[in-house]
Amino acid sequence: MLKKVFFALFVVAVVACGSKPRVNLDGEEGALKPTAQHAVIAKDVVGLFESVSYKKVPLDDSISSIVFTNLIEAIDGGKNYLMQSDIDDFEQYRNALAKDFRDGDLSAAYHIFNVYMERYINRLEYALTQVDVPHDFSKDEAYVYNREKESWFTSEAEADEQWRKRVKYDLLNLRLSGTVTDSSETSNKETLRDRYKYLISVAKQTDTNEAFQVIMAALTDAIDPHTSYFNPYFAQRFNEEMANTFEGIGARLTMENEVVKVAEVIVGGPVYREKALQIDDRIIGVAQGEDGEFENIIGWKLDNAVSKIKGPKGTVVRLKVIPAGEELTAEPRIVSLTREKIVIEEESAKREIKEVVGDDGKTYRVGIISLPKFYIDFEAYRANDPNYKSTTRDVRLLLDTLKQEKVDAVLMDLRFNGGGSLQESIELTGLFIDNGPVVQVRDTRNRVEVNSDSEDGVAWDGPLGVIINRFSASASEIFAGAIQDYGRGIILGSQSYGKGTVQSAIDMSRVISPTDRLLLKAKADEGADFPAGAPQFGQINITLAKFYRITGSSTQHKGVTPDVVFPSIYTADKYGESSEPSALPWDQINPTDFSPVADLSPLITTLESRHQSRMKASPSYKFLLEDIDLMHKRESETSVTLQEDKLKKEREESRAKSKEREATIHAIRSGAPLEPTAAASGNTDEVDFILDESLAVMADYVGLGKQ
């Protein structure tokens, strides 16, 4: 009895210590409100930033202002919903948000989010009223689709005019996609009406966890572009993507008219093996186990429905299914499935072999390994599962098959590979070098650790190339930088992203104090609904270290510069670490001892010379430069004409130019002109100029090496 009295008094004392919220959300009808758990998490995340993160930034007024700006940009960066009066009202919170987060007070941030949601729904409801209004498509007026540099709306009339044009533009797009008749016009309006109704329906289902995710992103981005808080749903998804596996039934699901629909069946999973579901089947109910009660999931949010369908391997889930093509009122069939671990093969390393004719007239076989990310199933690895999924294990097997098929060279394609596991970048490098340091890591106390490949031997000792681009980041840069520093292979493409920081995933349950746990328990806010197996309080991926190449140079901002450089559509001021205001600066430390495999600089000079000679005579290279100019031009455009004849002419000219290009490329590649019907239908081989030219460079590499 005494314990119960003490506990009650303790909780009262803890609750009484809480400060009064800055904004009274109880006075806002239908407003989303933060939970006690959200308040605790926000407070503890601030504590992590100020104590253990690499930057250790105190959250003062200047940081508060950045958080405020981030939040406004996150919810309405395009200035399509909020009014100037809203922004003026929000300004009172600009320098207060940091202190509020530290105190666990999220009321001001939620107030801003709630006002935005109200404006968002109101704008879409207004758009619905404009669908059946007569629109004059012969009138010469423009729709400003990019309002980032415009002023906020100062009146309802100004906002209405913008959205009238938005509706007109959407209808015009539908008109130009087909033949314009009375029936098609009616159909177009119905399509657009359904689109707006769906967006309104989704918006009205926004819950407090989604609002919290957006608000926390505004906070973390103010400190560091690569530190992120993930709520339980997003944390589970992130960890599954890192592992390239998930536990479930083996189907990808989507939402259509508030009903969950099967979008894809994953080969090898329970659904595929048992032929239990087909594409476009609809799932209307879910039950757990052999005798659990069914829950009707019509109208649920997709994330919530998926969390019920997924679950630990070995467990049973039963589904009520309406087969594709049948009415929703039809008798559902019951499908029972045992969940399994599913491997996401399309995100795994893949290989192919291309034959290339070199400048010497000889044909060379180049094995291409495409790697979308550096993945590892940490859970299976820690459990000593001998068949755990990882990048290095997969690539080693692919290299074995390429050697059996007697390729002359290997080309690693890391374009758009945003990184992943630091451990995997080190181990993958070890497949191409025989022992030695790979990367240096400096922690928050300025201690430097050299991470090395300690395994004897290599999986491939022949000619090696690595393709990177502006979106090759982190682990990709560690791998490419080490290959370049050792002289083990040649790097091709464009400057990489420039991310030189290391993040560690921390389950927030390790951070929540016993005192706060008691508070949450008292408020019955612990153990809220979240996906099975997901971190209960979410997860923070926080920057705790910075990595450096073995030469001592940081990749931060500068990234990796290729040996053979290709022009890039993506500029450093808009894409990559250099575009992030809160990014850490570039610096360097002492180099570590390593023994280069070779000095490739003389070879690279020759390869670059031959590459440039080919470029001067290459129509594909000319097209790439045209694409870059067009991209830069479009980035500066903010509006589009709403005059039907003018827009139709612009698009027809663009299509004609594309067909002319396709015909030219086809003639070059095949030696025969492209049939008009093939060009009209888009039936042409997709041209990857960067890959094609990289293969040509690799052919030169092999040929010169043999000489």
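Heavy atoms only: backbone and side chains are in, while hydrogens, waters and symmetry mates are out. The first residue in the sequence is number 1, and the count goes up from there.
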Asker: Are the ring centres of F212 and Y229 closer than 6.0 Å?
Answerer: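 Yes, they do, as the ring centres are separated by less than 6.0 Å.
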Asker: Using a strict threshold of under 4.0 Å (side-chain N to carboxylate O), is an ion pair present between K389 and D394?
Answerer: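 A salt bridge links D394 with K389.
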Asker: Inspect the contact between E148 and K79 and indicate whether a charged nitrogen and a carboxylate oxygen are less than 4.0 angstrom apart.
Answerer: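 Looking at K79 and E148, the cut-off is not met.
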Asker: Do you see a donor-acceptor pair shorter than 3.5 Å between the side chains of Y110 and T208?
Answerer: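 A pair is found: one side chain offers a donor N or O, the other an acceptor, under 3.5 Å apart.
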Asker: What class does the angle between the rings of F471 and F416 fall in, given that below 30° is parallel, 30 to 60° is tilted and above 60° is perpendicular?
Answerer: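 Geometry flag for F416 against F471: parallel rings.
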Asker: Can you run down the salt bridge (Lys or Arg N to Asp or Glu O under 4.0 Å) pairs that involve residues 266-277, sequence neighbours left out, and say none if there aren't any?
Answerer: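 Qualifying pairs, neighbours excluded: R273-E340.
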Asker: I'd like to check R393 versus R396 (side-chain heavy atoms, cut-off strictly below 4.5 Å). Are they in contact?
Answerer: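 Not in contact.
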Asker: Does the Q539 side chain pair with the main chain of S509, one donor and one acceptor, at a distance under 3.5 Å?
Answerer: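 Judged by distance alone, no pair lies under 3.5 Å.
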Asker: What distance separates L171 CG from N188 CG, expressed to the nearest 0.5 Å?
Answerer: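 That separation rounds to 7.0 Å.
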Asker: State which residues pass salt bridge (charged side-chain N to carboxylate O under 4.0 Å, His left out) with R123; sequence neighbours excluded, sorted by chain then number.
Answerer: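 Salt bridge (charged side-chain N to carboxylate O under 4.0 Å, His left out) check on R123 returns E156, D160.
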Asker: May I ask you to test the T220-I542 pair for a side-chain heavy-atom distance under 4.5 Å?
Answerer: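 The answer is no, as the side chains (C-beta and beyond) never meet within the 4.5 Å cut-off.
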Asker: Hey, are the side chains of F153 and Y81 touching, using non-hydrogen atoms and a 4.5 Å cut-off?
Answerer: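 Contact flag for F153/Y81 side chains = no.
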Asker: Look only at the side chain of K350 and the backbone of E345, and say whether a donor-acceptor pair between them is shorter than 3.5 Å.
Answerer: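 Present.
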Asker: Does OH belonging to Y381 count more than 12 external heavy atoms closer than 6.0 Å?
Answerer: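 Counting other residues, nucleotides and ligands, OH of Y381 stays at 12 neighbours or fewer.
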Asker: Could you list all the ring-ring contact (aromatic ring centres under 6.0 Å, His included) pairs where at least one residue sits in residues 164-183, not counting sequence neighbours?
Answerer: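 Pairs touching residues 164-183 that pass the test: Y143-Y169.
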Asker: Residues two or more places apart in sequence or in another chain: which of them pass salt bridge (charged side-chain N to carboxylate O under 4.0 Å, His left out) with R282?
Answerer: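 Counting only residues at least two positions away or on another chain, R282 forms no salt bridge (charged side-chain N to carboxylate O under 4.0 Å, His left out).
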Asker: State plainly whether the residues K20 and D105 are in salt-bridge range, i.e. N to O under 4.0 Å.
Answerer: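 Salt bridge: no.
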Asker: Going through the checks in order, is the salt bridge (Lys or Arg N to Asp or Glu O under 4.0 Å) test met by D280 and K261?
Answerer: CA-CA 6 Å; D280 291 339; K261 187 176 75 170; 3.4 Å; yes
Asker: So, the side chain of D76 versus the backbone of N80: is there a donor-acceptor pair under 3.5 Å, distance only?
Answerer: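 Yes; at least one donor-acceptor contact below 3.5 Å.
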Asker: Give every residue pair that meets the salt bridge (Lys or Arg N to Asp or Glu O under 4.0 Å) criterion with at least one member in residues 208-227, sequence neighbours excluded.
Answerer: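 The answer is E210-K301.
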Asker: Does CD in E379 sit with more than 12 non-hydrogen atoms of other residues, nucleotides or ligands closer than 6.0 Å?
Answerer: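 It does not: E379 CD has 12 such atoms or fewer within range.
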Asker: Less than 4.0 Å between a side-chain N and a carboxylate O, is that true for D86 and R119?
Answerer: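 Yes, R119 and D86 are salt-bridged.
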Asker: Would the distance check show the side chain of R318 and the main-chain N or O of G289 forming a donor-acceptor pair, the cut-off being under 3.5 Å?
Answerer: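 Here the side-chain-to-backbone pair exists.
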Asker: If the condition is ring-ring contact (aromatic ring centres under 6.0 Å, His included), which residues does F378 pass it with, not counting sequence neighbours?
Answerer: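 F378 satisfies ring-ring contact (aromatic ring centres under 6.0 Å, His included) with no other residue.
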